[in-house]
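For reference, the structure is listed below as structure tokens.
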Amino acid sequence: MNLNAQKIYLLAALLLGIGINVSAQKLPSEQKDGLYAPAKMKIDGKATEWGDKFSAHNNAVGLFYSMANDDDNLYLIMRTDQYSAVKKAFYSGITLLIKSHDKSSKSPDIKMTYPLVAMTDHTEIVLPLYDKQGNMDSIVTAVNGWIGKAAKKIAIAGFTDITEPDVSVYNDLGLKAAAMIDVNRAATFELQLPLKYIRHLLGANLSFDYSITVNGLQMRPNTIIIGGSSIDNNGSHAPSAEPVNDMFTPTYLKASYTLVKK
């Protein structure tokens, strides 16, 4: 390749890189419009059906996300490639809260929280992702295996007909959740919530308010905090390079959504 060709190639690559960054920067911090769900939705921790595209990027929670609906369900997909956000999400999960626009409504908010994993499982999930020298295919296989074994419950609240505080991810209620790590160390989280559970919260135009909260580390009995690590008395730990306060502080976004028809 001659010198002029090299210059053209480098300029094109630079412009492409700028274009990608500008495109990412154009994403709003909150999703602005309703979205009809992609066909053949599958809650598996992958963004394949979504074309690996997202409707918003929120710095407060460190997530790219999209919310969508079809005639039966509400869907939420979230992704983060920030190691600190991945760790925080796996401490006490991400909570989707649905509430009525009507401030005088006495109907309880609907909540789903996922993933829920024990501290020892948290370590097995997030610590290998810090290894920049290991074989990523092997790391991803091992980590996703741990997620499959450890993240088996969805915490719920506000459901009139369901009194249990949590349900299995294999339930027959239509509530679904999944998480997966990809080879770029990014974590993708998906939730499915049947619309029948939130009909009473919808406004006249089929709209509702929602929040997405990354809960962070919740204090457990017999847990000592040293530096940026949480260390249980039994010796399990989750090393951290981030300030302690960040891991303890829930971060959230609030917005509204209006159901759309195909």
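Ion pairing between K262 and D71 fails under the 4.0 Å rule for side-chain N and carboxylate O.
At distances below 3.5 Å, not a single donor-acceptor pair connects side-chain atoms of D81 with backbone N or O atoms of R185. In this structure, the side chain of N215 engages the main chain of G93 through a donor-acceptor pair within 3.5 Å. With N171 contributing its side chain and S168 its backbone, the two residues share a donor-acceptor pair below 3.5 Å. The closest donor-acceptor contact from the side chain of E190 to the backbone of G45 lies under 3.5 Å. Q31 places a side-chain N or O within donor-acceptor distance of the main-chain N or O of D33, the cut-off being under 3.5 Å. At least one donor-acceptor pair closer than 3.5 Å links the side chain of Q192 to the backbone N or O of G174.
If you chain together hydrophobic residues whose side chains sit under 4.5 Å apart, L193 and L259 fall into the same group. I156 and V214 fall within a single hydrophobic cluster, where Ile, Leu, Val, Met, Phe, Trp and Tyr are joined by side-chain heavy atoms under 4.5 Å apart, directly or via other members. Cluster annotation: W50 is connected to L27 through the hydrophobic network of ILVMFWY side chains, with a link wherever side-chain heavy atoms come within less than 4.5 Å. Y65 and M180 fall into different hydrophobic clusters, where Ile, Leu, Val, Met, Phe, Trp and Tyr side chains are chained together by heavy-atom contacts under 4.5 Å. Follow the hydrophobic side-chain contacts under 4.5 Å out from L202 and you reach L96 in the same cluster.
Minimum heavy-atom separation, S92 to T113: O-CG2, 3.6 Å. Residues P194 and N73 share a closest heavy-atom pair of CA-OD1, 3.2 Å. Smallest separation of non-hydrogen atoms from K254 and E30: O-OE2, 3.1 Å. Across V86 and A187, no two heavy atoms sit closer than the pair CG2-CB, 3.9 Å. For the pair S29 and N58, the tightest heavy-atom approach, listed with the atom from each and the gap, is O-ND2, 2.9 Å. K88 and G216 make their closest contact through CG-CA, 3.5 Å (heavy atoms, listed as atom of the first residue, atom of the second, distance).
Here the OG1-CG distance, from T213 to L253, works out to 7.5 Å after rounding to the nearest 0.5 Å. In this structure, the separation between CG on L63 and NE2 on H57 is 7.5 Å, given to the nearest 0.5 Å. Between the CD1 atom in I139 and the CG atom in L127 there is a gap of 10.0 Å [rounded to 0.5 Å]. Rounded to the nearest 0.5 angstrom, T251 OG1 and N59 CG are separated by 11.0 Å. One distance of note links OG of S107 with CD1 of I198; it measures 12.0 Å at 0.5 Å rounding. S66 OG to R79 CZ: the interatomic distance, rounded to the nearest 0.5 Å, is 10.5 Å.
Applying the side-chain contact (heavy atoms from CB on, under 4.5 Å) rule to N184 yields the partners D182; only residues at least two apart in sequence or on another chain are considered. Considering only residues two or more places apart in sequence or on other chains, K42 meets the side-chain contact (heavy atoms from CB on, under 4.5 Å) condition with D44, E49. With sequence neighbours excluded, the residues that form a side-chain contact (heavy atoms from CB on, under 4.5 Å) with A85 are T80, Q82. The side-chain contact (heavy atoms from CB on, under 4.5 Å) search around K149 returns W146, not counting sequence neighbours. Here D121 pairs with nothing under the salt bridge (charged side-chain N to carboxylate O under 4.0 Å, His left out) rule; sequence neighbours left out.
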*Could you walk me through whether L195 and D72 pass the side-chain contact (heavy atoms from CB on, under 4.5 Å) test, one step at a time?*
CA-CA 6 Å; L195 295 178; D72 300 312; 5.8 Å; no
*Run the numbers on S105 and D102 for side chain to side chain donor-acceptor pair (under 3.5 Å), then give the verdict.*
CA-CA 5 Å; S105 173; D102 184 359; 5.4 Å; no
*Going through the distances and angles, do T120 and E124 end up as a side-chain contact (heavy atoms from CB on, under 4.5 Å)?*
CA-CA 7 Å; T120 49; E124 297 294 342; 6.0 Å; no
*Starting from the C-alpha separation in whole Å, work towards a yes-or-no answer on side-chain contact (heavy atoms from CB on, under 4.5 Å) for K153 and Y114.*
CA-CA 7 Å; K153 291 185 179 295; Y114 178 87; over 6 Å; no
_Pair L191-I43, side-chain contact (heavy atoms from CB on, under 4.5 Å): steps then yes or no_ = CA-CA 7 Å; L191 299 177; I43 306 303; over 6 Å; no
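When side chains are defined from C-beta on, I147 does not count as touching P115, because their heavy atoms never get closer than 4.5 Å. Counting only heavy atoms from C-beta outward, the side chains of Y75 and D70 approach each other to under 4.5 Å. Taking the side chain as every heavy atom from C-beta outward, L175 and I162 approach each other to under 4.5 Å. Looking at heavy atoms from C-beta onward, M112 lies out of side-chain contact with L76 at the 4.5 angstrom threshold. Under the 4.5 Å side-chain criterion, counting only non-hydrogen atoms from C-beta, F64 is not in contact with K53. Within the 4.5 Å cutoff, the side chain of M136 has no heavy atoms near those of the T141 side chain. Side-chain contact check for V260 versus N69: some heavy-atom pair is nearer than 4.5 Å. Taking the side chain as every heavy atom from C-beta outward, I154 and V169 approach each other to under 4.5 Å.
Pairs engaging residues 190-216 under the ring pair (Phe, Tyr, Trp, His ring centres under 6.0 Å) rule: F159-Y197, F208-Y257 [sequence neighbours left out].
At most 12 heavy atoms of other shown residues, nucleotides or ligands fall within 6.0 angstrom of atom CG in D161.
Side-chain rings of F90 and F189 approach one another, their centers coming within less than 6.0 Å.
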